[in-house]
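Okay, so here's the structure we're looking at.
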Amino acid sequence: MFKEPVNLFLLHHAGGSKYAYQPFTGLFPPGMKVNLLELPGRGARMNEPLVEDIHLLVEDVYRKISPALDAPYVFMGHSMGSVLAYLLTRKSIMDNRRLPVHLFLSGRTGPCYFEDSALRRSSLPRKEFAAVLRDLGGVPAEVLDDDQAMDFFEPVIRSDFKVLETYSYTPAPPLDIPVTVLLGKEDHSAHKEGVPWQDITTLPVDVRYFDGGHFFLMDKAAEIARLVATQTWNSFQQQIA
């Protein structure tokens, strides 16, 4: 399908790990190399300390993917992963590196609408914190109802929430990159007036809605993988035309 390999970098949600994208493995066509990225303090990097500064997380991911940025690549991020995908693109611009062929941003409002600093969910008592997680979905009820399980997972989720709460958006010139936004129809936290993420690009943003809430993409993996592959192919062809 692709004349040269395209790296697909997948960035997980707050409190998640690279295993969040397991439903997507094996769904992309030959020529798209799937890279499951993982942040410190969880999963295969559990022995590393958690990081609560988003710019340090960007530096961490950037160091890992930098050797691959001379080849065509795409970012796909969900929720916090969308913010990281956007900031990694800005980092690539600062370093005069090749830019992504396409950005796929899921489950998140555009950067000018970020409201995490006002929510301060990371400092809620456990009962209220668990209620927030239950409302968002993505964490099994048996984990939320088990104090021992929460002792294990809660620090990671709180740390990632704090990452978003302390992030301050800096306006910048719009990108000249195709952007597709993926949203769950019942994910009210990601719906704002206007076109999500349109401020970050000169090109019209393609907004796609799917049945489901904040974690809709886990139930729509095959459909989303087809969309990502098709749009990556189209953007790649336009770049080389």
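None of these values were measured; they are calculated from a predicted model.
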Whether the side chain of Asn35 engages the backbone of Lys33 through a donor-acceptor N/O pair (distance < 3.5 Å, no angle test) should be reported.
yes
Rounded to the nearest 0.5 Å, what's the gap from OG1 on Thr89 to CE on Met94? Could you check?
13.0 Å
Identified side chain to side chain contact (heavy atoms under 4.5 Å, CB included) partner of Val51 from the options Asp160, Val163, Leu56
Leu56
By ring pair (Phe, Tyr, Trp, His ring centres under 6.0 Å), which residues pair with Tyr62, not counting sequence neighbours?
none
Would you say that Arg97 contacts Ser66 through its side chain, given a criterion of any heavy-atom pair below 4.5 Å between the two side chains?
yes
Do Met80 and Tyr167 touch side chain to side chain, with heavy atoms closer than 4.5 Å?
no
I want to check something: taking the side chain as every heavy atom from C-beta on, are Ile200 and Leu105 in contact at a cut-off of under 4.5 Å?
yes
Quick one: do Leu84 and Ile177 end up in the same hydrophobic cluster if we chain Ile, Leu, Val, Met, Phe, Trp and Tyr together by side-chain heavy atoms under 4.5 Å apart?
yes
Please lay out, stage by stage, how Val34 and Thr25 fare under the test side chain to side chain contact (heavy atoms under 4.5 Å, CB included).
CA-CA 8 Å; Val34 177; Thr25 57; 5.5 Å; no
Answer yes or no: is there a side-chain heavy-atom contact under 4.5 Å between Leu37 and Ile65?
yes
Side chains of Glu4 and Phe236, heavy atoms from C-beta outward: is any pair under 4.5 Å?
yes
Pairs under 3.5 angstrom only: tabulate donor-acceptor contacts from the side chains of residues 139-146 to other protein residues two or more places apart or in another chain.
from: Asp145; atom 1: OD1; to: Arg134; atom 2: NH2; distance (Å): 3.0
from: Asp146; atom 1: OD1; to: Gln148; atom 2: N; distance (Å): 2.9
from: Asp146; atom 1: OD1; to: Ala149; atom 2: N; distance (Å): 3.1

Who are the ring pair (Phe, Tyr, Trp, His ring centres under 6.0 Å) partners of Phe129, not counting sequence neighbours?
Phe161
Residues clustering with Leu50 (ILVMFWY side chains joined when closer than 4.5 Å, directly or via others):
Val156
Closest contact, heavy atoms only, His12 versus Leu39:
NE2-N, 3.4 Å
Give a yes or no answer on whether the side chain of Arg121 reaches the backbone of Leu133 with a donor-acceptor pair at less than 3.5 Å.
no
List the atom of Glu52, the atom of Thr166, and the distance in Å for their closest heavy-atom pair.
O-OG1, 3.7 Å
What's the spacing between Leu88 CG and Leu99 CG if we round to 0.5 Å?
12.0 Å
State, to 0.1 Å, how close Lys18 and Glu38 come at their nearest heavy-atom pair, and which atoms those are.
N-OE2, 3.1 Å
Taken to the nearest 0.5 Å, the spacing of Leu203 CG from Asp176 CG works out to 5.0 Å
Within residues 14-56 or reaching into it, pairs that qualify as ring pair (Phe, Tyr, Trp, His ring centres under 6.0 Å) - sequence neighbours excluded:
Tyr21-Phe24
Looking at Glu48 and Gly41, would you say the former's side chain and the latter's main chain have a donor-acceptor pair under 3.5 Å?
no
Shared hydrophobic cluster, Val205 / Leu183 (ILVMFWY, side-chain heavy atoms < 4.5 Å)
yes
Other residues, nucleotides, ligands: >12 heavy atoms within 6.0 Å of Asn47 CG
no
To the nearest 0.5 Å, tell me how far Arg45 CZ sits from Ser17 OG.
12.0 Å
Nearest 0.5 Å please: distance from the CG atom of Asp60 over to the CD1 atom of Ile54.
12.5 Å
For the residue pair Tyr169 and Tyr86, does the interplanar ring angle fall in the parallel (under 30°), tilted (30 to 60°) or perpendicular (over 60°) class?
tilted
So do Ile224 and Phe216 actually touch side chain to side chain, heavy atoms under 4.5 Å?
yes
Identified side chain to side chain contact (heavy atoms under 4.5 Å, CB included) counterpart of Leu103 within the set Leu175, Thr201, Thr180
Leu175
Indicate every side-chain donor-acceptor pair of residues 71-79 with a distance under 3.5 Å to a residue at least two apart or in another chain.
from: Tyr73; atom 1: OH; to: Ser92; atom 2: OG; distance (Å): 3.3
from: Tyr73; atom 1: OH; to: Arg98; atom 2: O; distance (Å): 2.6
from: His78; atom 1: ND1; to: Ser106; atom 2: OG; distance (Å): 2.7
from: His78; atom 1: NE2; to: His214; atom 2: O; distance (Å): 3.0
from: Ser79; atom 1: OG; to: His214; atom 2: NE2; distance (Å): 3.1

Working to the nearest 0.5 angstrom, can you tell me the gap between Leu182 CG and Asp187 CG?
11.5 Å
Would you say Trp197's side chain and Val207's backbone share a donor-acceptor pair under 3.5 angstrom?
no
I'd like to know whether Lys220 forms a side chain to side chain contact (heavy atoms under 4.5 Å, CB included) with Arg208, so could you lay out the CA-CA distance, the side-chain angles of the two residues, the decisive distance to 0.1 Å, and finally the verdict.
CA-CA 12 Å; Lys220 304 291 183 180; Arg208 301 295 182 103; over 6 Å; no
Asn234 side chain near Gln237 side chain, heavy-atom distance below 4.5 Å:
no
Start with the C-alpha gap between Leu8 and Leu10, add the side-chain angles, then the distance that decides, and say whether side chain to side chain contact (heavy atoms under 4.5 Å, CB included) holds.
CA-CA 6 Å; Leu8 172 60; Leu10 298 178; 3.8 Å; yes
Minimum heavy-atom distance His102-Val179, with the two atoms named:
NE2-C, 3.9 Å
Give the minimum heavy-atom separation between Met150 and Ala130, together with the two atoms involved.
CE-CB, 4.4 Å
Taking it one step at a time, do Leu124 and Val132 satisfy side chain to side chain contact (heavy atoms under 4.5 Å, CB included)?
CA-CA 9 Å; Leu124 290 172; Val132 168; 3.7 Å; yes
Considering all heavy atoms, the nearest Asp151-Pro155 contact:
O-CD, 3.4 Å
